[in-house]
Peer 1: 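One structure coming up, written as structure tokens, with questions to follow.
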Amino acid sequence: MNAGLKEKQFIIPMAGGGRIALYRLAPRRPVGTPLIFAHGTISNADAVRPLGRYLAGAGYDCWLLEWGGHGESRASGSGQNFEYPAFNDLPAALDTVCEQSGFRRVYWVSHSGGGHLPLMFLARNPECRDRIAGLVTLGTQATDAASGFRYRTRALCLKWITNLLGYTPGSLVRVGTEGEPTRLLAQWAEWNLDGTWKGGDGFDYMTGLSGVRVPVLMVAGAGDDIAPVSGCEKVYTALGSADKSFVACSVANGFSRDYTHGRLIYGRDATGEIYPKIKVWLEKRNA
């Protein structure tokens, strides 16, 4: 269906230094509001490209974002934390997609850390909430990945090594395809160690989500120890959206497996079981 799709690359310089990369997958006659796809940490656009091509094949104008020093993007510096791309890279991507497509708002589809960006952005910027038409997150959470001795030790090591080096080596976190070039994951580790999702200035993102009322589809994996179902459920509960849906991908819920973090976005099972659910959700809202 989508074999003839061609990607067009956009490189956007950032005012504070660095750049983001966007890849457009547009059918000849796209339908509905554009979609931005955001990968997670320690990965790049390749992580979301299969889902982007799947939905472009269904007629949507799809944009793949590389943020924060991943793929062809460049971070402004190693000192930036998780909040930096939320308040710099995301607005730049949003402005570019809207300018190129002629639309004022977009749907945001994301895996892992790519879902933190719009949640933080919307929690802090109520005047911008009408620019995001809806959110789809796969394995996004910020508080529950350090429960028990094993996972707490993992988070402590991640925080310590990242702060020491100023970046996270790819060899330290083997679920992705590349390292994390900034101190971003040290902040994520701290959130999970503390069990609270707070900004560097103390802003409580979980509380701030009560004002976010865009339609949301949240997908979690029952076998995911990076984004445990419990943590995803906390984000889901905090959201003020009246139109929100939560899917836990498990054998008990009729799926072929208890999905792990990477499996939510990669592989034949995700293509056959998760991608269609996202497509149906969008079809009901993004005509």
Peer 1: For Ser76, check side chain to side chain donor-acceptor pair (under 3.5 Å) against everything at least two apart and list the hits.
Peer 2: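 Listed in chain order: Gln80, Tyr84.
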Peer 1: Looking at residues at least two apart in the chain, or sitting in another chain, which of them share a side chain to side chain donor-acceptor pair (under 3.5 Å) with Thr137?
Peer 2: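 In terms of side chain to side chain donor-acceptor pair (under 3.5 Å), with neighbours along the sequence ignored, Thr137 is linked to no residue.
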Peer 1: Taking Arg154 first and then Asp225, would you say they form a salt bridge - that is, a charged N and a carboxylate O separated by under 4.0 Å?
Peer 2: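 Salt bridge flag = yes for Asp225 with Arg154.
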Peer 1: Looking only at non-hydrogen atoms, find the nearest pair between Leu158 and Leu185 and report the distance.
Peer 2: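 Reported closest heavy-atom pair: CD2-O, 4.0 Å.
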Peer 1: Using every non-hydrogen atom in the two residues, find where Glu7 and Leu64 come nearest and quote the distance to one decimal.
Peer 2: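 Taking Glu7 first and Leu64 second, the nearest heavy atoms are OE2-CD1, 4.1 Å.
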Peer 1: As a quick check of understanding, evaluate side-chain contact (heavy atoms from CB on, under 4.5 Å) for Leu51 and Ile274, giving each step before the final call.
Peer 2: CA-CA 10 Å; Leu51 178 56; Ile274 296 176; over 6 Å; no
Peer 1: At their closest point, which heavy atom of Ala86 faces which heavy atom of Phe121, and how far apart are they?
Peer 2: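 Taking Ala86 first and Phe121 second, the nearest heavy atoms are O-CD1, 3.5 Å.
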Peer 1: Could you tell me whether Lys277 atom NZ has more than 12 heavy atoms of other residues or ligands within 6.0 Å of it?
Peer 2: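 Open.
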Peer 1: For Asn163, check side chain to side chain donor-acceptor pair (under 3.5 Å) against everything at least two apart and list the hits.
Peer 2: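 Asn163 satisfies side chain to side chain donor-acceptor pair (under 3.5 Å) with no residue once adjacent residues are dropped.
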Peer 1: Take atom CZ of Arg263 as the centre, draw a 6.0 Å sphere, and report whether it contains more than 12 heavy atoms from other residues, nucleotides or ligands.
Peer 2: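 Open: at most 12 neighbouring heavy atoms sit under 6.0 Å from CZ of Arg263.
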Peer 1: Could Asp243 and Lys284 be called an ion pair, given the rule that one side-chain N must be under 4.0 Å from one carboxylate O?
Peer 2: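 Not counted as a salt bridge, because no side-chain N and carboxylate O are separated by less than 4.0 Å.
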Peer 1: For Ser250, give me all partners under side-chain contact (heavy atoms from CB on, under 4.5 Å), at least two apart in sequence or on another chain.
Peer 2: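 With neighbours one apart ignored, the set is Ala222, Ala252, Asn253, Asp258.
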Peer 1: CD/Gln100 to CZ/Phe10 distance, rounded to the nearest 0.5 angstrom?
Peer 2: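 CZ of Phe10 is found 4.0 Å from CD of Gln100.
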Peer 1: Between the main-chain N or O of Ala58 and the side-chain N or O of Lys279, is there a donor-acceptor pair closer than 3.5 Å?
Peer 2: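 No.
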Peer 1: Tell me if a side-chain donor or acceptor on Thr140 pairs with a main-chain N or O of Ala227 at a distance below 3.5 Å.
Peer 2: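 It does not hold such a pair.
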Peer 1: Hey, what else clusters with Leu193 if you join Ile, Leu, Val, Met, Phe, Trp, Tyr whenever side-chain heavy atoms sit under 4.5 Å?
Peer 2: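 Members besides Leu193, by chain and number: Leu156.
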Peer 1: Applying side chain to side chain donor-acceptor pair (under 3.5 Å), name anything that partners Ser256, two or more places apart in sequence or on another chain.
Peer 2: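 Glu273.
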Peer 1: Tell me whether Asn125 contacts the main-chain N or O of Glu127 through its side chain, where contact means a donor paired with an acceptor under 3.5 Å.
Peer 2: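 Side chain of Asn125 to backbone of Glu127, a donor-acceptor pair under 3.5 Å: no, none is there.
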Peer 1: Spell out, as yes or no, whether a donor-acceptor pair under 3.5 Å connects the side chain of Asn192 to the backbone of Asp144.
Peer 2: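 The answer is yes, because a donor-acceptor pair under 3.5 Å joins these two groups.
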Peer 1: Would you compute the distance between atom CG of Asp46 and atom CD1 of Ile265 and round it to the nearest 0.5 angstrom?
Peer 2: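 It comes to 12.0 Å.
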Peer 1: Check whether any side-chain heavy atom of Trp188 sits under 4.5 Å from a side-chain heavy atom of Gln141, and report yes or no.
Peer 2: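 Yes, close enough: below the 4.5 Å cut-off.
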Peer 1: With Leu282 as reference, evaluate Leu217, Leu35, Thr33 under the side chain to side chain contact (heavy atoms under 4.5 Å, CB included) test and give the passing residue.
Peer 2: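 Exactly one candidate clears the test, Leu35.
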Peer 1: Is any side-chain heavy atom of Val48 closer than 4.5 Å to one of Tyr23?
Peer 2: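 No; the side chains remain at least 4.5 Å from each other.
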Peer 1: I'd like to know if the side chain of Asp194 and the backbone of Thr196 have a donor-acceptor N/O pair within less than 3.5 Å.
Peer 2: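 Pair absent, no side-chain N/O of Asp194 close to backbone of Thr196.
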Peer 1: Could you state the interatomic distance from CG (Leu22) to CD1 (Ile12), rounded to the nearest 0.5 Å?
Peer 2: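 Between atom CG of Leu22 and atom CD1 of Ile12 there are 4.0 Å.
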Peer 1: Which pair of non-hydrogen atoms, one from Val219 and one from Cys249, has the smallest distance, and what is that distance?
Peer 2: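 It is CG1-SG, 3.5 Å.
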Peer 1: Using 0.5 Å steps for rounding, measure from the CD atom of Gln187 to the NZ atom of Lys198.
Peer 2: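 Gln187 atom CD to Lys198 atom NZ measures 13.0 Å (nearest 0.5 Å).
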Peer 1: With sequence neighbours left out, which residue pairs that include part of residues 201-238 fulfil the ring-ring contact (aromatic ring centres under 6.0 Å, His included) condition?
Peer 2: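 As it turns out, the ring-ring contact (aromatic ring centres under 6.0 Å, His included) pairs with a partner in residues 201-238, which skip direct neighbours, are Trp197-Tyr205, Phe203-Tyr205, Tyr236-Phe246.
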Peer 1: When rounded to the nearest 0.5 angstrom, what is the spacing between CD1 in Ile132 and CG in Leu90?
Peer 2: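 Rounded to the nearest 0.5 Å, the CD1-CG separation comes out at 6.0 Å.
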Peer 1: Can you pull out every ring-ring contact (aromatic ring centres under 6.0 Å, His included) where at least one residue sits in residues 88-115? Sequence neighbours excluded, please.
Peer 2: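 Counting only pairs at least two positions apart or across chains, the ring-ring contact (aromatic ring centres under 6.0 Å, His included) contacts touching residues 88-115 are His111-His261.
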Peer 1: Please check: side-chain N/O of Thr168 versus main-chain N/O of Arg183, any donor-acceptor pairing under 3.5 Å?
Peer 2: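 No; judged by distance alone, with no hydrogens or angles, the pair does not exist.
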Peer 1: Give a yes or no on whether Val31 and Leu25 share a hydrophobic cluster (residues Ile, Leu, Val, Met, Phe, Trp, Tyr; joining criterion: side-chain heavy atoms under 4.5 Å apart).
Peer 2: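 Yes, because Val31 and Leu25 connect within a single hydrophobic cluster, where side-chain heavy atoms sit under 4.5 Å apart.
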Peer 1: State the OG-CG distance between Ser110 and Leu138, to the nearest 0.5 angstrom.
Peer 2: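 Output value for this atom pair is 6.5 Å.
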Peer 1: For Phe87, what residues pass the ring pair (Phe, Tyr, Trp, His ring centres under 6.0 Å) criterion, not counting sequence neighbours?
Peer 2: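 Counting only residues at least two positions away or on another chain, Phe87 forms no ring pair (Phe, Tyr, Trp, His ring centres under 6.0 Å).
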Peer 1: Is the side chain of Glu180 donor-acceptor paired with the backbone N or O of Ile42 at a distance under 3.5 Å, no angle test?
Peer 2: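 Flag set: sc Glu180 to bb Ile42 pair under 3.5 Å.
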Peer 1: Please tell me whether Tyr275 and Val280 are part of a single hydrophobic cluster in this structure, the criterion being side-chain heavy atoms less than 4.5 Å apart.
Peer 2: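 As far as the 4.5 Å side-chain criterion goes, Val280 and Tyr275 are not connected within one cluster.
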Peer 1: Can you tell me which residue pairs pass the salt bridge (charged side-chain N to carboxylate O under 4.0 Å, His left out) test with a partner in residues 16-45, sequence neighbours excluded?
Peer 2: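 Counting only pairs at least two positions apart or across chains, the salt bridge (charged side-chain N to carboxylate O under 4.0 Å, His left out) contacts touching residues 16-45 are Arg19-Glu72, Arg24-Asp61.
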Peer 1: Using only atom types and a distance under 3.5 Å, with no angle test, would you say the side chain of Arg150 pairs donor to acceptor with the backbone of Ser147?
Peer 2: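 Such a contact is absent between Arg150 side chain and Ser147 backbone.
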Peer 1: Name all pairs fulfilling the ring-ring contact (aromatic ring centres under 6.0 Å, His included) condition that reach into residues 30-53, sequence neighbours left out, sorted by first residue then second.
Peer 2: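 Checked against ring-ring contact (aromatic ring centres under 6.0 Å, His included) - neighbours excluded - the pairs reaching residues 30-53 are His39-Trp67, His39-His70.
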Peer 1: Do Asp269 and Tyr259 have side-chain heavy atoms sitting under 4.5 Å apart?
Peer 2: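 In short, these two side chains touch, coming nearer than 4.5 Å.
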Peer 1: For residues Val235 and Met206, report the shortest heavy-atom separation together with the two atoms involved.
Peer 2: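 Looking at all heavy atoms of both residues, the closest pair is CA-SD, 4.0 Å.
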Peer 1: So, for Ile11 and Pro13, which heavy atoms are closest and what is the spacing to 0.1 Å?
Peer 2: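 Here Ile11 and Pro13 meet closest at O-CD, 3.6 Å.
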Peer 1: Kindly say whether Gly68 contributes a backbone atom to a donor-acceptor pair with the side chain of Asp89 at under 3.5 angstrom?
Peer 2: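 Pair found, side chain donor or acceptor close to backbone of Gly68.
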Peer 1: Set out, in order, the CA-CA distance, both residues' side-chain angles and the distance that settles side-chain contact (heavy atoms from CB on, under 4.5 Å) for Met120 and Glu83, then state yes or no.
Peer 2: CA-CA 7 Å; Met120 290 190 287; Glu83 294 172 283; 4.1 Å; yes
Peer 1: Could you please spell out the steps behind the side-chain contact (heavy atoms from CB on, under 4.5 Å) verdict for Leu119 and Leu209?
Peer 2: CA-CA 7 Å; Leu119 292 170; Leu209 291 181; 4.0 Å; yes
Peer 1: Who pairs with Phe82 by ring pair (Phe, Tyr, Trp, His ring centres under 6.0 Å), at least two apart in sequence or on another chain?
Peer 2: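 Here the qualifying residues are His116, Trp191.
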Peer 1: Is there a donor-acceptor pair closer than 3.5 Å between any side-chain N or O of Glu66 and the backbone N or O of Ala45?
Peer 2: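 Side chain of Glu66 to backbone of Ala45: a pair is present.
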